[in-house]
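Beneath this line is the structure, given in structure tokens, with notes to follow.
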Amino acid sequence: MIEAKNITFAYQTLPLVTPVVKDVSLKFEAGKFYSILGPNGCGKTTLLDLMIGHLKPTSGKVLLNLNGVSHGTDILSIDRRETAKYISLVAQNYSINFPFTVKEVVMMGRHPYIGRFSNPSKDDIEIVNRVIEQTEIRNFANRKITDLSGGERQRCLFARALSQDTPLLFLDEAFSNMDINHTIRLLNLVKKEVKERNRTVVSVFHDINIAAIWSDELIFMQNGEIVCSGKTDDVMDENIIERVFHVKLRVEYNPYSNSKLAYFKGYNG
Amino acid sequence: MNISSKSTKAIVFILLILLTGLIIISARMGYVDISLIDIFKIIVSKFIGIDVLTQGVGNSALSDDIINSWITIVIDVRLPRILTCVIVGAALSLSGVIFQGILLNPLADPYTLGVSAGAAFGASIAILLNLGASFVSVPLFAFAGASLTLFVVIFLSTTGQSSYPTLSSNNLILSGIIVAAILSAGISFLKYVADEQVAVIIFWLMGSFASKTWIDVAVTLIFLLIGSVISIIFARDLNLISLGERSASTLGVDTKRVTLILLITGSMLAAVSVSVSGIIGFVGLLVPHMVRFITGPDNRLLIPVATIAGALLLLLADTITRAVLPHEIPIGVLTALIGGPVFCWIFKQGNIR
């Protein structure tokens with residue numbers, strides 16, 4: 001579906017040019033939920049920016065294999081507006097300075113489908129209404145986004161990305177300030193889209209257990225490199241996580257969550 | 001973003017009628033008292049070519065000399081001033097909308113990027129070198145100063161970025177402040193060495209629409225028209241940019257290109273305004289703000305409404321200083337004296353975030 005081929009990226013301004021992303025090759029397939037895990041500053045967000053075509057890799061390529069584009073098209077070779085029909089992103093919480101209503105913000109997700117001077121079509125309005133119902137933001141749909149709490153705003157931005165209706169959805173710590181109830185509901189919502197509509201989700205998480213419960217595959221990153229990647233059950237491993245995060249932990253299968261979970265030890269004297 | 005195009009058209013239509021009315025009333029007001037009917041007759045005969053003047057203007061006892069002087073007053077003195085003012089008001093307000101949009105900051109205005117300081121510096125040099133005698137050189141220098149400043153500011157804010165440079169709003173605002181600070185020191189220095197020209201520089205800096213000509217009208221109008229078309233084309237992209245650069249980019253906006261185009265457009269609007277009328281503050285800051293209360297933040301609605309509202313407000317201010325006050329005070333001083341407190345009030349109300 002989307003594929004990174006030996007991508008390397010370095011910010012030119014650093015005095016010593018150490019790449020933030022080093023020779024990463026990845027393949028994301030349709031109908032799967034992927035999670036990227038790694039310590040702060042390991043290059044997760046930069047990797048996402050490269051995958052969505054927001055940053056240009058210093059070397060290497062990101063290729064698309066999707067219906068509608070010819071096989072193996074370089075993501076940077078197609079028009080941004082066209083890319084927006086295939087890839088959407090929920091970024092980390094971002095404060096919006098202008099008092100758009102929630103509905104207006106969700107409608108912005110339809111931008112790639114609406115002509116420059118045309119108004120939203122019936123379909124656009126229908127999709128926006130459907131997404132507003134699905135994400136349960138109906139009761140503040142007419143409020144200004146500037147008046148909402150961080151978590152509520154984040155749910156609106158999530159709805160905005162869903163209304164874009166793309167085969168690929170990237171989540172960059174999209175749940176960082178959402179309560180557990182809404183986190184679970186939205187994760188189930190996207191998981192359902194992945195399974196029923198064959199979409200692909202790639203998410204950056206900090207919570208290893210949330211990632212483990214919902215992801216089909218995990219990718220561990222450290223210092224701009226992929227340390228390990230594979231099926232969640234295979235790579236949810238004490239040694240791998242300890243090597244990546246430098247923490248002591250125990251990994252066990254939990255029948256309630258039906259997944260392997262990581263357990264940590266708290267302070268005891 | 002379901003704006004009803006009907007209500008947009010209605011608001012724009014009402015504002016245009018108000019503006020036309022104010023233009024005519026304003027043309028009537030002034031030192032020489034000419035009746036509204038005569039103003040109409042003069043305008044109709046001059047612009048539409050129907051000769052209604054021979055049917056007699058005002059009191060039929062008036063001599064041809066008086067009628068001719070009225071024509072000169074209306075056509076060559078009042079109308080160019082009024083129209084320049086209308087266009088500059090529109091341009092300043094429009095550039096305010098643009099800057100607030102691309103800098104993601106409701107407090108930005110045409111002067112945030114130092115564009116006005118650049119124009120003022122250029123004009124000060126022209127006046128100091130005594131080029132002021134020729135009526136083109138001051139505007140030309142002002143324009144050159146503004147453009148140069150803009151390029152320096154863009155240059156400063158794109159260096160030290162990634163291999164895929166973006167124009168971040170923080171960088172632009174900071175570069176603007178730095179460049180403006182240097183330029184104001186430069187202006188102070190020019191004033192210091194200017195001797196007897198210092199009064200001319202100070203007066204120019206305070207802004208005025210006195211003795212504007214049809215050339216000013218034409219030049220500013222061309223820029224305003226180009227600026228309006230460009231900003232309307234990119235109005236929706238500007239909406240998306242308020243979601244943040246990364247999100248806008250994944251929604252199909254070429255953020256760097258759009259930012260650059262709008263940055264140049266907004267700066268040119270500000271530069272051409274400053275170059276013909278001096279520094280007139282608060283229009284570009286306040287008008288988009290007040291309009292946003294009514295229209296909401298959608299730029300497709302905000303852009304046309306704020307543009308006309310800016311024209312309306314600045315003409316009102318200029319008519320007050322020209323024809324109502326016993327003594328004409330510089331328009332820049334008046335807008336700051338009225339706009340400043342209004343801004344403080346809005347700010348204290350907490351409507352600016």
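Keep in mind the model is a prediction, meaning the values are calculated, not measured. Order of the sequence lines sets the chain letters (A, B, ...), proteins ahead of strands, with each chain counted from 1.
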So with a 6.0 Å cut-off around [atom1] of [X], is the heavy-atom count from everything else above 12?
X      : atom1 : answer
A:E133 : CD    : yes
A:K144 : NZ    : no
A:K61  : NZ    : no

Nearest-0.5 Å distance, [atom1] of residue [X] to [atom2] of residue [Y]:
X      : Y      : atom1 : atom2 : value
A:H111 : B:L243 : NE2   : CG    : 10.5 Å
B:S249 : A:D49  : OG    : CG    : 8.0 Å
B:R236 : A:M107 : CZ    : CE    : 10.0 Å
A:F100 : B:N299 : CZ    : CG    : 6.0 Å

Within a strict 4.5 Å, meaning less than it, do heavy atoms of the [X] and [Y] side chains meet?
X      : Y      : result
A:M108 : B:S247 : no
A:H54  : B:T250 : no
A:F98  : B:N239 : no

Which region of [X], side chain (C-beta onward) or backbone (N, CA, C, O), has a non-hydrogen atom less than 4.5 Å from a non-hydrogen atom of chain B, or is it both or neither?
X      : answer
A:T45  : both
A:F117 : side chain
A:I114 : both
A:R110 : neither

Where do A:A84 and B:L251 come nearest, in terms of heavy atoms and distance?
->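 Here A:A84 and B:L251 meet closest at CB-C, 3.4 Å.
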Practice problem: Please step through side-chain contact (heavy atoms from CB on, under 4.5 Å) for the pair B:I233 and A:R116, ending with a clear verdict. | Solution: CA-CA 7 Å; B:I233 290 176; A:R116 194 170 279 282; 3.7 Å; yes
Practice task
Check for a donor-acceptor pair, side chain of B:R246 on one end and backbone N or O of A:L89 on the other, with a separation under 3.5 Å.
Solution key: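 Looks like no, no N/O pair under 3.5 Å.
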_Let's test your reading of the structure: which of A:S88, A:P112, A:P99, A:G109 forms the most heavy-atom pairs below 4.5 Å with chain B?_
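Ranked by contacts with chain B, first place is A:P99.
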